[in-house]
Amino acid sequence: MVNEFDVVIVGAGFAGMYMLHRVRSLGLTARVLEAGDGVGGTWYWNRYPGARCDVESMQYSYQFSDELQQDWEWTERYATQPEILEYANHVADRFDLRGDIQCDTRVAAATWDDASARWTIRTEAGDECRGRFLVMATGCLSSANIPDFPGRDSFEGAPYHTGRWPHEGVDFTGKRVGVIGTGSSAIQSIPIIAEQAAQLYVFQRTASYSVPAANRKLTADEVRDVKDEYAAFRAFNSLMPTAIGSKQPIPEASALAVSHDERERVYEARWDEGGLPFLGAFIDLLFSPEANETAAEFVRAKIREIVKDPKVADRLTPKTVIGCKRLCVDTGYFATFNKPTVELVDVSSTPISEITPHGLRVGDREFDVDAIVFATGFDAMTGALLNIDIRGRDGQSLRHAWEAGPRTYLGLGTVGFPNFFTISGPGSPSVLTNMIVSIEQHVEWIADCMAYLRDNGFDRIEATPDAQDAWVDHVNAIADFTLFPSCNSWYLGANVPGKPRVFMPYVAGCGR
Ligand SMILES: Cc1cc2nc3c(=O)[nH]c(=O)nc-3n(C[C@H](O)[C@H](O)[C@H](O)COP(=O)(O)OP(=O)(O)OC[C@H]3O[C@@H](n4cnc5c(N)ncnc54)[C@H](O)[C@@H]3O)c2cc1C
């Protein structure tokens with residue numbers, strides 16, 4: 001017998017868990033199908049050394065339940081992966097979610113039947129269930145990307161991907177390690193791997209901008225101050241399009257409207273405070289190339305100051321616009337390259353030619369290593385959705401509908417796919433924001449929509465082509481107004497060969 005639910009939700013990260021909680025409160029039946037053997041999504045999979053959030057813990061957490069946010073105690077300014085995973089598990093227990101979450105279940109296909117207005121969802125194991133609504137909480141950064149290097153499977157040492165890290169952890173003590181990639185996950189893990197490894201090679205294709213996290217333990221006083229006024233704290237943070245707040249004043253000026261000394265003072269204050277709000281120093285850093293260059297040059301000078309070998313410093317210094325790729329937040333990343341046991345290998349002009357049984361080859365040099373860490377990121381925003389064979393009205397496939405790039409209405413739905421919702425889907429603010437804020441907005445919108453349909457006797461909803469076209473045009477027009485599309489980022493799909501180049505997130509943010 002096929003299991004029937006009002007709502008089938010795919011994924012049990014922060015999006016899937018909150019969606020389940022909301023639909024239950026509407027009195028709807030639901031089932032969450034999750035590939036991992038536990039909840040937490042990103043924080044279940046990404047257990048690499050140094051993994052932590054880069055939005056402050058007191059902000060990177062749910063706000064739908066004041067009791068939850070009052071009770072939960074974050075211990076550090078930026079929580080570690082184990083602490084965030086513990087929080088996710090606490091939420092699952094506190095709201096009694098586990099009974100409707102089926103783990104170890106990867107969804108392979110979903111098909112809409114117009115006559116019965118139902119989705120049939122098939123798992124990789126061949127089991128089926130049906131739902132009136134299908135909600136994809138599959139995550140923007142959950143489909144690991146491992147480039148297809150020649151000889152990849154011939155490596156006889158230990159290969160790891162940061163997003164599929166072994167649960168028991170990895171001890172690199174005394175080992176020769178190669179890390180491929182210098183994005184966020186690499187920048188968090190490299191300083192810690194370097195403390196253990198006998199020799200670390202970092203293979204860098206593109207240098208990344210990174211600012212210090214200035215992480216520290218939270219004091220009882222600052223936690224109390226936030227908890228006393230949590231709603232006001234959230235409201236203040238939502239004044240920023242990213243919904244990421246800072247103790248620095250909300251910017252009002254162009255970087256070009258103030259003197260050089262004043263600009264340096266503002267950047268220095270933000271550098272010292274640490275974190276992503278560095279890019280909020282002036283109103284035009286992501287709009288004007290000249291304004292952007294002042295911030296970029298400030299960070300470049302910091303890199304030159306920290307890294308002792310000028311040649312290494314030069315290779316670590318990005319030449320592009322700052323912020324058009326995700327800004328990284330680090331603890332001791334650049335200083336790690338002052339260690340005699342750490343070598344930066346530039347693979348921008350001579351790429352990794354092959355992976356061998358003993359390591360990696362770049363040009364005519366071979367690097368023997370015991371372990372390779374693929375810090376090569378994700379097939380972002382669309383990867384997890386398109387891994388599933390999703391068939392909408394008249395049998396049309398999502399893969400086909402999105403062949404030239406994803407097209408959605410509000411990042412929430414797509415033409416041809418009735419009763420199908422994507423949480424933080426392409427065309428929504430998602431990865432450019434504090435994602436838990438964006439997730440809560442989407443979940444609440446979807447739940448309100450389901451309640452409306454039920455209360456008004458409708459059995460289906462689908463975006464209209466006009467609304468979708470207008471939204472896609474709007475998303476593109478706003479992106480084109482900024483510097484975001486100016487570099488080859490995963491926002492554009494540029495890290496995955498053959499992926500259409502479309503700027504996927506909605507730049508105007510989720511601030512309320
Ligand atoms: C290392 C790292 C650090 C991050 N730090 C921050 C941060 O500081 N601030 C921030 O705002 N965001 C951050 N993010 C983004 C982060 O992904 C989101 O904040 C948030 O956790 C996403 O929650 P989600 O539930 O939407 O997706 P996820 O947490 O990715 O969960 C999706 C779930 O869906 C499951 N799934 C996918 N496909 C299938 C399938 N076919 N069948 C069954 N299950 C499936 C996956 O197994 C996964 O458990 C970070 C991401 C990474 C990778």
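First listed ligand is number 1; within each ligand, the first listed atom is number 1. Numbering starts at 1 and runs along the sequence shown.
- A cation-pi arrangement, defined by a distance under 6.0 Å to the six-membered ring centre and an angle within 45 degrees of its axis, is present between Arg47 and Tyr44.
- The local environment of CZ in Arg24 is crowded, with over 12 non-hydrogen atoms from other residues, nucleotides or ligands closer than 6.0 Å.
- Contacts with ligand 1 closer than 4.0 Å are made by no heavy atom of Val431, backbone or side chain.
- Among the atoms of Val55, some N or O lies under 3.5 angstrom from an N or O of ligand 1.
- Polar contact with ligand 1: absent for Asn46 (N/O pair, distance under 3.5 Å).
- Close N/O approach between Gln188 and ligand 1 is not found [any backbone or side-chain N/O within under 3.5 Å].
- Protein heavy atom at the shortest distance from atom 38 (N) of ligand 1 is Thr138 CG2, 3.6 Å.
- Of the polar atoms of Ala35, at least one N or O is found under 3.5 Å from an N or O of ligand 1, judged by distance alone.
- At a heavy-atom distance under 4.0 Å, only side-chain atoms of Tyr48, from C-beta outward, approach ligand 1.
- Polar contact check, Val107 against ligand 1: a nitrogen or oxygen pair lies under 3.5 Å apart.
- Residue contact check for ligand 1: Asn387 places no non-hydrogen atom closer than 4.0 Å to it.
- Aromatic ring orientation, Tyr333 versus Phe337: perpendicular (interplanar angle above 60°, classes split at 30° and 60°).
- Only the side chain of Tyr60 comes within 4.0 Å of ligand 1, judged by heavy-atom distances.
- Outside the 6.0 Å centre-distance limit, the rings of Phe133 and Trp119 are not counted as a close aromatic pair.
- Neither the backbone nor the side chain of Thr162 comes within contact range of ligand 1; no heavy atom lies under 4.0 Å.
- Contact check for Arg122 versus Val107: no side-chain heavy atoms found under the 4.5 Å cut-off.
- Crowding of Glu229 atom CD: a count of heavy atoms from other residues, nucleotides or ligands under 6.0 Å not exceeding 12.
- Remark: Tyr409 OH is loosely packed, at most 12 non-hydrogen atoms of other residues, nucleotides or ligands lying under 6.0 Å away.
- For ligand 1, the polar-atom distance check against Phe14 finds a nitrogen or oxygen pair separated by under 3.5 Å.
- Under 4.0 Å from ligand 1, the heavy atoms of Ala137 that appear belong solely to its backbone.
- Judged by a 6.0 Å distance limit and a 45° cone about the ring axis, Arg326 is not positioned over the six-membered ring of Trp490.
- With a 4.0 Å cut-off on non-hydrogen atoms, Tyr44 does not touch ligand 1 at all.
- Inclusion of Thr42 in the set of residues having an N or O under 3.5 Å from an N or O of ligand 1 is warranted.
- Comparing Gly13, Ala15, Ser142 against atom 26 (O) of ligand 1, the shortest heavy-atom distance belongs to Ala15.
- Looking at ligand 1, you'll find an N or O of Glu34 within less than 3.5 Å of one of its N or O atoms.
- Within the 4.5 Å cutoff, no side-chain heavy atoms of Val10 are placed close to those of Val135.
- Closest non-hydrogen pair, Gln204 versus Thr182, comes out as CG-OG1, 3.6 Å.
- Looking at Ser57 and Arg52, their side chains never come closer than 4.5 Å, going by heavy atoms from C-beta outward.
- Taking any N or O of Asp54, backbone or side chain, at least one lies under 3.5 Å from an N or O belonging to ligand 1.
- At a 3.5 angstrom cut-off on N or O pairs, Ile388 does not count as close to ligand 1.
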